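Below: one structure, written as structure tokens.
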Protein chains: 2
Amino acid sequence: MSLKHGILGLLSYCSMTGYDLTKLFNESLKFFWNAQTSQIYRELDALEKKKYVTSEQIIQRDKPNKRVFTITDIGKDELTRWLDEHSINDSMKIRDEMAMRVFFGSKGDLSKLKDELLEYKKAKEMFLIHLEKAEKELNEYEQSSGKEGEKIYWLMSIKRGYISAKGHIQWAEECLELLKERKGKN
Amino acid sequence: MSLKHGILGLLSYCSMTGYDLTKLFNESLKFFWNAQTSQIYRELDALEKKKYVTSEQIIQRDKPNKRVFTITDIGKDELTRWLDEHSINDSMKIRDEMAMRVFFGSKGDLSKLKDELLEYKKAKEMFLIHLEKAEKELNEYEQSSGKEGEKIYWLMSIKRGYISAKGHIQWAEECLELLKERKGKN
DNA sequence: ATATTATATTCTACTTGTAGAATATAATAT
DNA sequence: ATATTATATTCTACAAGTAGAATATAATAT
């Protein structure tokens, strides 16, 4: 649904190879979007077919050759269109596997569920730490590059990450509290 | 990833038709999972091929005929296996379109973004109201049916819905506050 | 020499989700 | 009579995600 626009968005900052795009993706969008390397390259091919990007092969002597992708005007229009003509319904679509898992908690093993909740909480705490690091790097990057205009938006998405993760941590704690008394199965 | 297990879970409560399953889905799992009717029927066919469910045709005179689906022992095993042998990585996979949209906010129209955030906030408030209704119905249902053992788990997923939605509302408010001074484009 | 790391892209096979139209039957409401 | 609603399922076509293996080149480290 949105990986396409994520890629267009990153390319709107500057032209780059699939390899660099993947790295940048993993330092930024990865916080709220999942994608395999292969998916990114495949999407780049699809975007090129649609004339949203162009690519240019660069011959290198010291490293393998590479293809540099550049967003076109049509691609920029598509990015803007996606931002401006969006339906709120799409943003409301949720797929929350963890919620489904606890919903059917009675069908599984109680102690395993407790373990999972604890692990989940720890994973979210790790996520928070990564996010804090990203926020610091963002501040440094923002000062050295000409991207001051982006900062407020990047901060908004980081803020969203914080609120979600903290909420999930709180939720896991409350669940563990609820399950504290329970022992054995179901 | 999980619709399959959502269907197995619902069928583990009792056998039913695709039609009733869809209705039940829309009153329960819909709060944290999205699925088209056609997807549910397709998944039911797939589950039958895998012997996770069986189906029996019921001839009706007053209504169209129907197929009643029943979970098998293999299906119950699969549900339990999914619950007990799960990787935390899968639960950490996020796809948060709204976060991506604000991330690239500079590429769109500022006033449209503000409108969207307001609309988003309202939609989440509506979601909260639906969730409260579902919680009340759950309490009534729980007393009339023999499903007291499920209640704690259902509450845990409802609680998760509350925390997420409230977090998102707070986030939207903070974003609107941040954008308050800004006028015009970018 | 050998192994590892970084760079850079491609490939295959499969699963899942999106979106909504189409098809039917029969009861109920106007 | 006619329209609407509830019941019940099927179909098509496409888009996107999952998962990881495979292929290459060249620098650097041991």
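Everything numeric here is computed off the predicted structure, so don't read it as measured data. Letters A, B, ... mirror the listed sequences (proteins, then strands); counts begin at 1.
Between D:dG17 and A:Gln39, a contact under 4.0 Å exists linking OP1 or OP2 to a side-chain N or O. Taking only side-chain nitrogens and oxygens, A:Tyr41 comes nearer than 4.0 Å to OP1 or OP2 of C:dT9. Side-chain N/O atoms of A:Asn34 include one lying less than 4.0 angstrom from OP1 or OP2 on D:dT18. A close approach under 4.0 Å does not occur between any side-chain nitrogen or oxygen of B:Gln60 and OP1 or OP2 of C:dA26. The side chain of A:Lys23 contributes no N or O atom lying less than 4.0 Å from OP1 or OP2 of C:dA8. The shortest distance between the side-chain N/O atoms of A:Ser38 and the OP1/OP2 oxygens of D:dA21 is not below 4.0 Å. In terms of phosphate contacts, B:Lys93 brings a side-chain nitrogen or oxygen within less than 4.0 Å of OP1 or OP2 of D:dA19. The shortest distance between the side-chain N/O atoms of B:Arg61 and the OP1/OP2 oxygens of C:dT25 is not below 4.0 Å. Residue B:Tyr19 places none of its side-chain N or O atoms closer than 4.0 Å to OP1 or OP2 of D:dT9.
Relative orientation of the B:Phe103 and A:Trp154 rings is parallel, given thresholds of 30° and 60° on the angle between their planes.
Classification of A:Arg101 and A:Glu116 as a salt-bridged pair holds, one side-chain N sitting under 4.0 Å from a carboxylate O. Under the 4.0 Å criterion applied to side-chain N and carboxylate O atoms, B:Asp90 and B:Lys93 are assigned as salt-bridge partners.
Protein atom CD1 of A:Ile40 is 15 Å distant from nucleotide atom P of C:dA8, rounded to whole Å. Here D:dG17 presents its P atom at 16 Å from CD of A:Glu97, a figure rounded to the nearest Å. Residue A:Gln57 contributes atom CD, which lies 14 Å from atom C1' of C:dT7 at whole-angstrom precision. Residue A:Ile58 contributes atom CD1, which lies 15 Å from atom C1' of C:dT7 at whole-angstrom precision. Distance A:Lys50 NZ to D:dA15 C1': 9 Å, rounded to the nearest Å. Atom P of nucleotide D:dC11 and atom CG of B:Leu44 are separated by 14 Å, given to the nearest angstrom. The separation between A:Asp45 atom CG and D:dA15 atom P is 15 Å, rounded to whole Å. In this entry the distance linking CG of A:Asn89 with C1' of C:dG20 reads 14 Å, nearest Å.
Residues A:Asp20 and B:Lys63 each lie close to DNA chain C; by heavy-atom proximity, the contact nearer the 5' end of the strand is made by A:Asp20. Toward the 5′ end of DNA chain C lies the nearest nucleotide of B:Glu43, the other residue of the pair B:Glu43 and B:Gln36 mapping further downstream. Of the residues near DNA chain D, A:Pro64 and A:Ala35, the one whose nearest nucleotide (by heavy atom distance) lies more toward the 5' end is A:Ala35.
At the heavy-atom level, A:Thr37 lies under 4.0 Å from base atoms of the strands shown.
A donor-acceptor contact under 3.5 Å is not formed by the side chain of B:Arg67 with the base of D:dT7. In the interface, the side chain of B:Arg95 is not paired with the base of C:dG17 through any donor and acceptor atom under 3.5 Å apart.
A:Glu43 and A:Gln39 share no side-chain donor-acceptor pair at under 3.5 Å.
Within the shown strands, D:dA13 is the pairing partner of C:dT18 under the Watson-Crick or G-U definition, both distances less than 3.5 Å. Remark: C:dA8 base-pairs with D:dT23; criterion is Watson-Crick or G-U wobble with both hydrogen-bond distances under 3.5 Å. D:dT2 is paired with C:dA29 under the Watson-Crick or G-U wobble criterion, all donor-acceptor distances under 3.5 Å.
Of the candidate nucleotides C:dT9, C:dT18, D:dG17, C:dT18 has the atom lying nearest to any side-chain atom of B:Arg42.
Of the possible donor and acceptor atoms, one in the side chain of A:Asp84 sits under 3.5 Å from a partner among the backbone N and O of B:Asp109.
Between the OH atom in B:Tyr162 and the CD atom in A:Glu174 there is a gap of 12.5 Å [rounded to 0.5 Å].
Pairing each heavy atom of B:Ile40 with each of B:Ala35, the nearest pair is CG1-CB, 4.3 Å.
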